[in-house]
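Per chain, numbering begins at 1; letters A, B, ... match sequence-line order.
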Protein chains: 2
Amino acid sequence: MTVGIRHDDLRRRNRAMVLAAVRRSGEPSRTEITAITGLSHSTISAISSDLIAEGILREGRSEPTASKRGRPQVGLQLDPCAAAVLTVVLSLNLLTAAAVDYAGKVLAEETCRLDTLSLPREALIKECIEMVSRRLDDNSLAKHRVLRIAFAVQGTADSHARTMLWTPITPHGDIPFADILEAAFGIPVIVENDCNMMAVALRWRGTDRYRDDFIAVLLSHGIGMGIVLNGELFIGTQSSGGEFGHMIHHPNGALCRCGRHGCVEAYAGNYAIWRNARGFDENTEPAADIPDDEMQALAEKARAGAGPERQAYERAGTALGYSLGSLFAVIDPAPVTFVGIGATAFDLIEPALRRAIAETAGGQHSDSIVFDTEPKEQMLIREGCAMRALTFVDQEIFALGGPTASAPQLLEA
Amino acid sequence: MTVGIRHDDLRRRNRAMVLAAVRRSGEPSRTEITAITGLSHSTISAISSDLIAEGILREGRSEPTASKRGRPQVGLQLDPCAAAVLTVVLSLNLLTAAAVDYAGKVLAEETCRLDTLSLPREALIKECIEMVSRRLDDNSLAKHRVLRIAFAVQGTADSHARTMLWTPITPHGDIPFADILEAAFGIPVIVENDCNMMAVALRWRGTDRYRDDFIAVLLSHGIGMGIVLNGELFIGTQSSGGEFGHMIHHPNGALCRCGRHGCVEAYAGNYAIWRNARGFDENTEPAADIPDDEMQALAEKARAGAGPERQAYERAGTALGYSLGSLFAVIDPAPVTFVGIGATAFDLIEPALRRAIAETAGGQHSDSIVFDTEPKEQMLIREGCAMRALTFVDQEIFALGGPTASAPQLLEA
DNA sequence: AAGCTTTTTTTCGAGCTTCGAAAAAATAAT
DNA sequence: ATTATTTTTTCGAAGCTCGAAAAAAAGCTT
């Protein structure tokens, strides 16, 4: 099971440590890296000169910080040309892809609208392959080797992050996107849940609050969750974790899109809020998709005065509060960022949410639980994908060193 | 944050790896350890001869396995005299302590009845100190150095596992048992939740099913939980995790011992089953403690035929099922062992439990979710404590090597 | 019974890696 | 121009793991 540490693992790990330090800190000097990693000056010097020689790091040109005695520090930065990664995000009716350089800058981006619900399985796969193909051929990538593709999808992935098992955006399940794209392009692929990527992105934004333990909740047509514990993305035992939207809020309660009854989503998803605001029975078949502007109109009405709209948002808050509280009972309270269109109506949700959470074991200090909002999910998901792919390159390719790093083997197709 | 690996860490980690291999495998030969750890023969040979010279390991005397050509393998085992640890378990009206040798054998044990609910704070602390004192002076420990005390308590501990923050067994909270006992005896102490120790024990029993991901649920007066994920004990962000009993089953539902409404415990705890079986209102003040034989009588009646007793167990099953299902939605399904007096009535609980879990997202394959039972919690908790303490000695003391290992510094009192 | 085969364990030198100390480099202050 | 200060590199020492070879300890063969 747990394997011993060999001698050559040492260098690999410490190289990865240096790369992580540079990726996190922006442009640290060798001395700063020494402080971050706890390794000696000599070691950092040796490793960083290797990495520079291999074209992975480079010395910073900017020298704005003067005014101190002594030899000035030279900042190290990631060499943007060292590699590139591709992010692909598949969500309801929308497919977007972006090329990102090794330093994390977006080189090019493309969005395309699809009718995902009605598209046949093979057509959907074809759209994805063509999108990747176009991005790879684009001349923004002329000078870069693409070393990783991160594919985010609303839904669940298998434990090896290779197959999309299930998704609400299409009736087709069990699509092995990793195998498909690797076969087509010979570049290693990872398949991830979109909410997990939101959490990864928040972690890299580097706010103090979002360092070790926090939660990202997507409030959209459905409800999703990404959890970071101890600074690591928490993926249950099958990498499909965070199906928060289907925790049971009320046994035998409202009808959920998933066919079950009483899920959180059946109270707090767009369709649920809409259903309640319009006065429909809570077992009415969920609407397929509700445009953002219609949701915003609903929120405006709720803000204008008491009525079914306001009550609908309160019910959503109550469901979210009890379920978050139940979750907090098990994993302990943590800061939460609400993401997506629902986050724009958080003012309507928050009072009931706080009231409910205060009545749970996890809400013992409910006042001190912090909530943030982030209306746009797309950018956050792309950011998370990019960081996920880039850290893979850091740890699994560039940390190895030697010829593999400078000219990595592509997968045999 | 994450710190680099130094050169001397290497030996420390690999020594720990060897000790872990021996502790898990019983009596592996050097060759078997080579296979387990992935290290070379030379390394294992060097490390194990060091450990033998330091009196931590010894060569096995038993040589039953013959009948193979070639030089026979020599099994390595933990030297029982290398050290000892103490376990202390504090639960409702009961305090028990045991001395355990380095190989894991119980040397001596003592149980004492207390009225924990009414005992003043200082008297409770005094009882604990005296219990430890008696165990340490006992001549079963004459030849052993006691290197660690593990203190398990029903309730929550702080994130550093040093203070008991809250417990249902006494009104007194915030008792820094680790500081208190370390000051008195100069031996490092850890404070842990009892259900977490149950989970640790199951992990060490070594069934295949209880290796990487599983859950232990205590069904007793209260409901507790210990979770193992990826082979590691999962303690939320504050080490007080697993407050499963206070997940909300039904908003504004039955009155819980904790004062809130609708917790799982308010349906599935002993007092809740008793309350429902006796036909009391679900908001009736919870009974203080219900003797085991009375619960068993209740279960007998429920087995005899339909009636309020049977319904009470069904309600317990429903509450447990929905809540487990909700939890599974977030951490994915895992095998569960039910422990304690409630587990003896699992036949009464299971049907409703499976029905409820099948209606949740986590119960998608509810038939394949496996349940086991284990009626006696005390032994399991002690076992977990012992293993927790012993692995601490392995990793934090004996793995260091040098003079520290053979004559470790006790804490300065 | 002596020699041969097989398997486990130890020994030994080579090759890395990290570390500390000292040297070199680069700048501000005097 | 010289000195002080800080960063970075260089260099030798020490430690660890590894592979190959040797040693050890049995069963098997003739």
Inset, instruction - For the pair A:Ser29 (side chain) and A:Glu32 (backbone), establish whether a donor and an acceptor sit closer than 3.5 Å, ignoring hydrogens and angles. - result: yes
Inset, instruction - Nearest whole angstrom, please: distance from the P of C:dT9 to the CD1 of B:Ile52. - result: 10 Å
Inset, instruction - Classify the nucleic acid contact of B:Asn14 as base, sugar-phosphate or nothing, counting any heavy atom under 4.0 Å across all strands shown. - result: sugar-phosphate
Inset, instruction - Inspect the contact between A:Glu54 and A:Arg15 and indicate whether a charged nitrogen and a carboxylate oxygen are less than 4.0 angstrom apart. - result: yes
Legend entry - Short side-chain N/O contact to C:dT17 OP1/OP2 from A:Arg12, under 4.0 Å: no
Inset, instruction - Using distance alone, with no hydrogens and no angle criterion, decide if B:Ser42 and B:Ser45 have a side-chain donor and acceptor under 3.5 Å apart. - result: no
Inset, instruction - Would you mind reading off the distance between A:Ile47 atom CD1 and D:dT9 atom P, rounded to a whole angstrom? - result: 13 Å
Legend entry - 5' precedence on DNA chain D between A:Asp8 and A:Glu32 (nearest-nucleotide basis): A:Glu32
Inset, instruction - Describe, in one word, how the ring planes of A:Phe234 and B:Phe234 are oriented to each other, choosing from parallel (under 30°), tilted (30 to 60°) and perpendicular (over 60°). - result: tilted
Legend entry - Integer-rounded Å distance: C:dT5 P and B:Arg69 CZ: 9 Å
Inset, instruction - By nearest nucleotide on DNA chain C, pick out whichever of B:Ser48 and A:Gly38 is the more 5' one. - result: B:Ser48
Legend entry - Between C:dG20 (C1') and A:Leu39 (CG): distance, integer Å: 14 Å
Legend entry - Whole-Å gap separating C1' (D:dC18) and CG (A:Leu10): 14 Å
Could you go through nucleotides 20-25 of chain D and list every protein N or O atom that sits under 3.5 Å from one of its N or O atoms, giving the distance for each pair?
unit_1	atom_1	unit_2	atom_2	d
D:dA25	N3	B:Arg71	N	3.2

Inset, instruction - Taking the six-membered ring of A:Phe392 (Phe, Tyr or Trp), confirm whether the NZ or CZ of A:Arg148 is under 6.0 Å from its centre and within 45° of its axis. - result: yes
Inset, instruction - Using whole Å, report how far NE2 of A:His7 lies from C1' of D:dT17. - result: 6 Å
Inset, instruction - Please determine, for the side chain of B:Arg30, which listed nucleotide (C:dC19, D:dT7, C:dT10) has the closest atom? - result: C:dT10
Inset, instruction - Would you please confirm or rule out a distance under 4.0 Å between OP1 or OP2 of C:dC19 and any side-chain N or O of A:Thr43? - result: yes
Legend entry - B:Ile44 CD1 to C:dT11 P, straight-line distance once rounded to whole Å: 15 Å
Legend entry - The single option from A:Glu27, A:Glu59, A:Arg23 passing side-chain hydrogen bond (donor to acceptor under 3.5 Å, both in side chains) against A:Gln77: A:Glu27
Legend entry - Atom pair distance, as rounded to whole Å: CD in A:Gln73 and C1' in D:dT9: 15 Å
Inset, instruction - Scan A:Ser45 against the nucleic acid and name what it touches under 4.0 Å (heavy atoms): base, sugar-phosphate only, or nothing. - result: base
Inset, instruction - Examine the base of D:dT17 for any acceptor or donor lying under 3.5 Å from a partner atom in the side chain of A:Arg6, and report the outcome as yes or no. - result: no
Inset, instruction - Any pair with a residue in residues 9-44 of chain A that passes ring pair (Phe, Tyr, Trp, His ring centres under 6.0 Å), sequence neighbours left out, goes on the list, sorted by first then second residue, please. - result: none
